[in-house]
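Right, one structure below, let's go through it.
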Amino acid sequence: IMTRSEFITSACQMGYCTRLQAERYCGDRETFTEDDYIEVFSKAQSECHNIGGTPLYGGGRTSKRYFREDE
């Protein structure tokens, strides 16, 4: 079980979401579990409007998503 600040910090450091997305996910809750990582990652992915992947040099595509902190 984690506190709100621990969850926000660790979710951002592990790349599941941005700080803003984590704060929005937390809302008024104060305790979190590992299952919340899955939920916040799913919400962050659904907010990403990059459908079809990112174009790469040479015509390829990648499904890798990169999050910026200033979203």
Side-chain angles (χ1 to χ4, degrees):
I1 295 184
M2 296 168 274
T3 64
R4 177 185 170 94
S5 61
E6 290 172 334
F7 175 76
I8 291 171
T9 301
S10 61
C12 296
Q13 287 177 347
M14 290 188 280
Y16 291 129
C17 60
T18 65
R19 179 166 293 279
L20 182 61
Q21 290 169 328
E23 289 170 353
R24 274 190 268 146
Y25 174 78
C26 289
D28 295 334
R29 294 176 50 199
E30 290 297 324
T31 58
F32 300 88
T33 65
E34 287 79 18
D35 293 336
D36 290 302
Y37 289 133
I38 297 168
E39 291 297 319
V40 76
F41 179 72
S42 296
K43 288 184 185 271
Q45 290 295 304
S46 67
E47 289 179 11
C48 186
H49 301 290
N50 188 7
I51 297 173
T54 304
L56 297 174
Y57 179 76
R61 298 186 89 69
T62 180
S63 60
K64 178 77 175 162
R65 306 268 202 270
Y66 297 96
F67 295 110
R68 293 175 39 179
E69 279 299 319
D70 60 338
E71 287 186 355

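Note that the numbering runs from 1 along the sequence shown for the chain.
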*Output all residues satisfying side chain to side chain contact (heavy atoms under 4.5 Å, CB included) with Thr31, sequence neighbours left out; order by chain, then residue number.*
Ile1
*Under the 3.5 angstrom rule, does the side chain of Arg4 hit a backbone N or O of Asp28 as a donor-acceptor pair?*
no
_Spatial distance of atom OG1 (Thr18) from atom CD (Glu23) [nearest 0.5 Å]_ = 8.5 Å
*Can you name the residues that form a ring-ring contact (aromatic ring centres under 6.0 Å, His included) with Tyr37, not counting sequence neighbours?*
Phe7, Tyr16
*Exercise: identify the closest heavy-atom pair between Val40 and Ala22*: CG2-CA, 4.2 Å
*Please round to the nearest 0.5 Å and tell me the distance separating atom CE of Met14 and atom OG1 of Thr9.*
10.0 Å
*side chain to side chain contact (heavy atoms under 4.5 Å, CB included) involving Glu6 - partner list, sequence neighbours excluded*: Met2, Thr3
